Amino acid sequence: AVHENWYQSKSLGVWRRMDVYTPPGYEAGKATYPVLYLLHGSGDTESGWVGCGKANLILDNLIAAGKAKPMIVVMPYGRARQDVYLGPAGAPATDPKAFENDLLGDVVPFAEKLYRISAKAADRAIAGLSMGGGQALSVGLHHLDTFHAVGAFSAAGRAEGIEEQYKELLSDPKATNRQLRVFYIACGKTDSLFAPAQALHEALAKHGIEHAFTASEEGHVWRNWRNYLAEFAPKLFR
């Protein structure tokens, strides 16, 4: 099932929506579940991963085939400002931490209160496409005490300055590898964002950070992102 939820973001001062996928059997049971926070791209909203990405169908089929563990998927609105909605604008456009604050301070607590979600970092993953992939890297890799799995699908980013941006992560590979149980990077070879993805892969390999890197065909398209989710989800929570 996919549920539409409205929550009050205290950090942004506005009401916002998140869509939540629950796996087969959730409503009839009492068990807690691991969770994937799945972020959309810059031209989309919280409904994109279901409407275009078919994330619910991908997870249904993987779970039914025994390839992925049953999990909850939380899909929040990925912009700090209400750019595509009527109503209050929300956060100042100049606050680079606004979305991160909403995700960590409002989305995660709301989802964990409303659904039977495990609060263990080992049971939390974060991933996204394009803009959302960049957000997953920024939030996930700087909060390994919160997320132990990160997925970056055609992630927005730059090929320069990676070593400085992730200095703490790269400086202690043993500690990073202990916490970061799944780190998946994927991008199409003809995607304009392939160079940053490859540069990140090379920096991680240089410093001994365990990860998987998929260089697929095609470019910045939903066909790739659906495939990436289908590759990423079975790796989680094992």
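None of these values were measured; they are calculated from a predicted model.
Criterion: ILVMFWY side-chain heavy atoms under 4.5 Å apart, direct or through other members. Under it, V73 and W225 are part of a common hydrophobic cluster. In the hydrophobic cluster analysis, where Ile, Leu, Val, Met, Phe, Trp and Tyr join through side-chain heavy atoms closer than 4.5 angstrom, F183 is grouped together with L144. Residue I126 is grouped with residue L137 when hydrophobic side chains (ILVMFWY) are merged at heavy-atom distances under 4.5 angstrom, including chains of intermediate members. Note on L62: it does not cluster hydrophobically with V35, by side-chain heavy-atom contacts below 4.5 Å among ILVMFWY residues. Cluster membership for V50 and I58, using ILVMFWY side-chain heavy atoms within less than 4.5 angstrom, is shared.
Neither side chain, R116 nor Y33, offers a donor N or O lying under 3.5 Å from an acceptor on the other. Under the 3.5 Å distance criterion, with hydrogens and angles disregarded, no donor-acceptor pair is assigned to the side chains of D102 and Y77. Using modelled atom types, one finds a donor on one side chain and an acceptor on the other under 3.5 Å when comparing S130 with H220. S216 and Y228 are linked by a side-chain donor-acceptor pair at a separation below 3.5 angstrom, with hydrogens and angles left out of the test. There is a side-chain donor-acceptor pair under 3.5 Å between D106 and S9. In the model, S118 has a side-chain atom that pairs as donor or acceptor with a side-chain atom of D123 under 3.5 Å. In the model, T45 has no side-chain atom that pairs as donor or acceptor with a side-chain atom of H40 under 3.5 Å.
No donor-acceptor pair closer than 3.5 Å links the side chain of S42 to the backbone N or O of M131. The main-chain N or O of C52 is found under 3.5 Å from a side-chain atom of R226 such that the two form a donor-acceptor pair. A distance-only check finds no donor-acceptor pair linking the side chain of W49 to the backbone of M75 [under 3.5 Å]. N101 contributes a side-chain N or O that, together with a main-chain N or O of K97, makes up a donor-acceptor pair within less than 3.5 Å. Looking at R223, its side chain never comes within 3.5 Å of a backbone N or O of G219 through a donor-acceptor pair.
With a 4.5 Å cut-off on side-chain heavy atoms, P23 and L59 do not count as touching. When side chains are defined from C-beta on, P76 counts as touching L103, because their heavy atoms get closer than 4.5 Å. Side-chain contact check for R16 versus V14: some heavy-atom pair is nearer than 4.5 Å. Proximity of L129 to S154: side-chain heavy atoms (C-beta onward) are nowhere separated by under 4.5 Å. No side-chain heavy atom of L36 sits less than 4.5 Å from a side-chain heavy atom of I72. For the pair Y184 and F213, the minimum side-chain heavy-atom distance is 4.5 Å or more. Using a 4.5 Å heavy-atom threshold, the side chains of L141 and T176 count as separate. Side-chain contact between Y115 and N5 is present, with heavy atoms from C-beta onward closer than 4.5 Å.
Taking the six-membered ring where the residue is Trp, the centroids of Y166 and H142 are separated by under 6.0 Å.
The OG1 atom of T22 lies 3.0 Å from the NE2 atom of H3; values are rounded to the nearest 0.5 Å. Considering OG1 of T214 and CZ of F153, their distance stands at 9.5 Å, rounded to 0.5 Å. With values rounded to the nearest 0.5 angstrom, L104 atom CG is found 9.5 Å from S11 atom OG. Between the CZ atom of R79 and the CG atom of L12 there is a distance of 13.5 Å, given to the nearest 0.5 Å. Here the OH-CG distance, from Y21 to L38, works out to 12.0 Å after rounding to the nearest 0.5 Å. The line from OG1 of T146 to CD of Q179 is 9.5 Å long, rounded to the nearest 0.5 Å.
Between Y7 and F110, the ring planes lie tilted relative to each other; the angle falls in the 30° to 60° range.
Shown here for F237 and K69, the closest heavy-atom pair between the two residues is O-CD, 2.9 Å. For H143 against V139, the heavy-atom pair with the smallest separation is ND1-O, 3.0 Å. Minimum interatomic distance between F232 and A127 (heavy atoms only, all atoms of both residues): CE2-CB, 3.6 Å. The shortest non-hydrogen separation linking L169 to I209 is O-CD1, 3.8 Å. R238 approaches G66 most closely through the heavy-atom pair NH2-O, 4.1 Å. Pairing each heavy atom of G133 with each of A155, the nearest pair is C-CB, 3.6 Å.
A 6.0 Å sphere centred on CD of E168 holds no more than 12 heavy atoms belonging to other residues, nucleotides or ligands.
K189 has no carboxylate O lying under 4.0 Å from a charged side-chain N of E218, or vice versa, which leaves the two without a salt bridge. Ion pairing between a basic and an acidic side chain is recognised when a charged N comes within 4.0 Å of a carboxylate O; E231 and K67 show no such pairing. Electrostatic pairing of D172 and K174 does not count as a salt bridge here, judged by no charged N lying under 4.0 Å from a carboxylate O.
When each of H148, M71, R181 is paired with L236, the side-chain contact (heavy atoms from CB on, under 4.5 Å) condition holds for M71 and for no other.
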Please report the C-alpha distance between E46 and M18 in whole Å, then the side-chain angles of each, then the deciding distance to 0.1 Å, and finally whether the side-chain contact (heavy atoms from CB on, under 4.5 Å) criterion is met.
CA-CA 6 Å; E46 67 284 335; M18 68 172 76; 5.7 Å; no
I'd like to know whether R124 forms a salt bridge (charged side-chain N to carboxylate O under 4.0 Å, His left out) with E112, so could you lay out the CA-CA distance, the side-chain angles of the two residues, the decisive distance to 0.1 Å, and finally the verdict.
CA-CA 11 Å; R124 284 199 207 101; E112 290 182 354; 3.0 Å; yes
